[in-house]
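One structure is given below, encoded as structure tokens.
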Protein chains: 2
Amino acid sequence: MTTHSGVPEVVVDRLPQYLRALAQLESSGFDVISSQQLGELLQVTPAQIRKDLSYFGRFGKQGRGYSISHLLERLRNILGLDQTWNVAVVGVGRLGRSIISYPGFEPEGFRVVCAFDSDPAVVGQVAGGLTVYNFADYAEIAEREHVQIAIVAVPANVAQAVIDNLVAAGVKSILNYAPKSALTPPDVRIRNVDPVVSLQSMTYYLSAV
Amino acid sequence: MTTHSGVPEVVVDRLPQYLRALAQLESSGFDVISSQQLGELLQVTPAQIRKDLSYFGRFGKQGRGYSISHLLERLRNILGLDQTWNVAVVGVGRLGRSIISYPGFEPEGFRVVCAFDSDPAVVGQVAGGLTVYNFADYAEIAEREHVQIAIVAVPANVAQAVIDNLVAAGVKSILNYAPKSALTPPDVRIRNVDPVVSLQSMTYYLSAV
DNA sequence: AAACGATTGTAAATAGATTCACAAACAGGG
DNA sequence: CCCTGTTTGTGAATCTATTTACAATCGTTT
């Protein structure tokens with residue numbers, strides 16, 4: 001699939017991997033790396049790294065490799081990570097609270113700015129420093145708070161309805177923790193985070209030996 | 001990639017999706033479904049569903065479709081989900097505790113039977129009903145408890161070392177929550193659960209419009 | 001019991017992704 | 001300033017996955 005501007009989606013999905021390895025290398029004091037070395041580090045062929053990068057420009061120098069700091073800067077720019085993204089969490093149950101308090105988002109430029117629930121017992125509560133709003137007011141509040149990404153952490157049985165509402169409110173990117181793969185229009189990007197599904201495909205290899 | 005017995009890995013990865021949709025359909029009282037209908041539900045072409053299933057056998061009836069209960073049974077058997085899997089959680093910090101208490105594993109046949117940490121302040125504590133063992137004793141205890149799958153929830157900087165130890169202890173399936181893609185030998189299957197990586201590729205499409 | 005509409009399973013065709021392989025480019029040394 | 005050893009960027013080749021297309025089959029209706 002090459003959903004946008006001719007760059008295959010698989011390629012875009014690999015860029016964050018490269019980014020993270022490069023950030024690690026930079027903080028370890030390295031300056032330059034070849035596709036060969038980076039490939040060994042990530043278990044990817046050097047040709048794949050070079051081809052992936054070539055979709056976006058020519059960032060290396062023959063005979064030398066890539067300047068780590070320069071490549072980092074370019075990758076962050078390509079992925080839109082040179083800005084902060086505002087995120088809303090929908091569903092403030094056990095899982096939603098963990099997500100709100102997860103310390104891994106902020107340093108990567110993702111700021112959880114508001115939280116929503118439909119349960120009157122939860123609306124108005126404070127969770128992880130955020131007041132929980134009524135999900136019925138999503139569109140209005142999300143606009144006010146400049147939310148660009150929604151994280152869904154609601155039970156499976158209401159996931160599709162919640163996601164339909166988000167789509168109606170104009171959300172274009174959804175990270176779905178609900179154990180349900182929901183339907184969205186083609187212009188809305190949705191990623192599922194589901195540990196059970198990951199386990200369920202690994203057991204195939206464990207049992208079928 | 002067709003890592004095992006000729007069935008492409010992408011195919012195996014789709015089976016849990018089919019399984020979940022079918023389980024949903026069964027509990028809604030449906031008996032039979034065609035590849036056409038299932039495809040609409042999952043946003044997959046009917047041909048893909050038929051071809052995927054054909055790697056494992058002939059489960060449908062021409063003119064009718066698939067018996068949902070029969071197909072469910074076969075899929076669970078193929079994926080090895082007609083048994084219970086014992087899981088160890090390694091790393092009992094904030095995230096590890098959430099995983100131990102996550103109620104979504106048990107009903108799908110994944111039982112968290114023990115937990116490990118290296119921090120002397122945490123070892124011996126009780127978390128989610130489990131006593132936390134010293135990770136140094138992993139091999140011995142995991143064998144005693146018949147652990148087949150390890151879930152890693154440790155900080156990025158120790159993830160590779162922990163995973164190396166798990167591999168040395170004979171673990172073949174790892175679900176990695178650490179924000180670090182770790183290296184493993186080819187016979188060890190590792191899946192990464194990383195919300196930040198998912199977000200980082202979605203921002204590409206948000207910004208590059 | 002034959003004809004019909006629906007749906008599977010799969011061989012062949014197409015589309016897509018990865019790898020190969022090499023000319024072009026660069027840095028360092030003599 | 002030329003030679004040597006690297007390493008990039010990319011067209012072409014290969015490999016993999018998806019889709020097409022249709023004969024074979026099934027249940028139902030006439």
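Every chain is numbered from 1, with letters handed out A, B, ... down the list of sequences.
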How close or far is atom P of C:dA17 from atom CD of A:Glu9, stated in whole angstroms?
9 Å
Which pairs of donor and acceptor atoms, one on a side chain in residues 39-57 of chain B, lie under 3.5 Å apart (sequence neighbours left out)?
unit_1: B:Glu40; atom_1: OE2; unit_2: B:Gln36; atom_2: NE2; d: 2.9
unit_1: B:Thr45; atom_1: OG1; unit_2: B:Gln48; atom_2: N; d: 3.3
unit_1: B:Arg50; atom_1: NH1; unit_2: B:Ser35; atom_2: OG; d: 3.1
unit_1: B:Asp52; atom_1: OD1; unit_2: B:Arg14; atom_2: NH2; d: 3.1
unit_1: B:Asp52; atom_1: OD2; unit_2: B:Arg14; atom_2: NE; d: 2.6
unit_1: B:Asp52; atom_1: OD2; unit_2: B:Arg14; atom_2: NH2; d: 3.3
unit_1: B:Asp52; atom_1: OD2; unit_2: B:Tyr18; atom_2: OH; d: 2.6
unit_1: B:Ser54; atom_1: OG; unit_2: B:Lys51; atom_2: O; d: 2.7

Ignoring backbone atoms, test whether A:Thr45 places a side-chain nitrogen or oxygen under 4.0 Å from the OP1 or OP2 oxygen of C:dT18.
no
Pairs under 3.5 Å (N/O, protein and nucleotides 6-13 of chain C):
unit_1: C:dT7; atom_1: O4'; unit_2: B:Gly63; atom_2: N; d: 2.9
unit_1: C:dT7; atom_1: O2; unit_2: B:Gly63; atom_2: N; d: 3.2
unit_1: C:dT8; atom_1: OP1; unit_2: B:Ser35; atom_2: N; d: 2.7
unit_1: C:dT8; atom_1: OP2; unit_2: B:Ser35; atom_2: OG; d: 2.7
unit_1: C:dG9; atom_1: OP1; unit_2: B:Phe59; atom_2: N; d: 3.0
unit_1: C:dG9; atom_1: OP1; unit_2: B:Gly60; atom_2: N; d: 2.9
unit_1: C:dG9; atom_1: OP2; unit_2: B:Tyr66; atom_2: OH; d: 2.7
unit_1: C:dG9; atom_1: O3'; unit_2: B:Arg58; atom_2: NH1; d: 3.0
unit_1: C:dG9; atom_1: N7; unit_2: B:Arg50; atom_2: NE; d: 2.7
unit_1: C:dG9; atom_1: O6; unit_2: B:Arg50; atom_2: NH2; d: 2.9
unit_1: C:dT10; atom_1: OP1; unit_2: B:Arg58; atom_2: NH1; d: 3.2

Taking CG from B:Asp13 and P from D:dT16, how many angstroms apart are they, rounded to a whole number?
16 Å
Please identify each residue that fulfils ring-ring contact (aromatic ring centres under 6.0 Å, His included) with A:Tyr177, with sequence neighbours left out.
none
Using salt bridge (charged side-chain N to carboxylate O under 4.0 Å, His left out) as the criterion, list what pairs up with A:Arg76, not counting sequence neighbours.
none
According to salt bridge (Lys or Arg N to Asp or Glu O under 4.0 Å), does anything in residues 165-180 of chain A pair up with another residue at least two apart or in another chain? List the pairs.
A:Lys172-A:Asp187
Residue pairs passing the salt bridge (Lys or Arg N to Asp or Glu O under 4.0 Å) test with at least one member in residues 83-103 of chain B, sequence neighbours excluded, are none
Grab the CG-C1' distance between A:Asp52 and C:dT18 for me, whole Å please.
10 Å
Step by step, would you call A:Leu183 with A:Gln160 a side-chain contact (heavy atoms from CB on, under 4.5 Å)?
CA-CA 7 Å; A:Leu183 270 51; A:Gln160 185 65 59; 4.0 Å; yes
Can you list, in residue-number order, the parts of residues 22-32 of chain A that come under 4.0 Å of DNA chain C, counting heavy atoms only?
none
Could you pull out every donor-acceptor pair under 3.5 Å between side chains of residues 77-84 of chain A and any protein atom, sequence neighbours left out?
unit_1: A:Asn77; atom_1: OD1; unit_2: A:Arg74; atom_2: NH1; d: 3.2
unit_1: A:Asn77; atom_1: ND2; unit_2: A:Asp82; atom_2: OD2; d: 2.9

Round to a whole Å and report the spacing from CD of B:Gln48 to P of D:dA21.
17 Å
Which residues satisfy the salt bridge (charged side-chain N to carboxylate O under 4.0 Å, His left out) test with A:Arg64, sequence neighbours excluded?
none
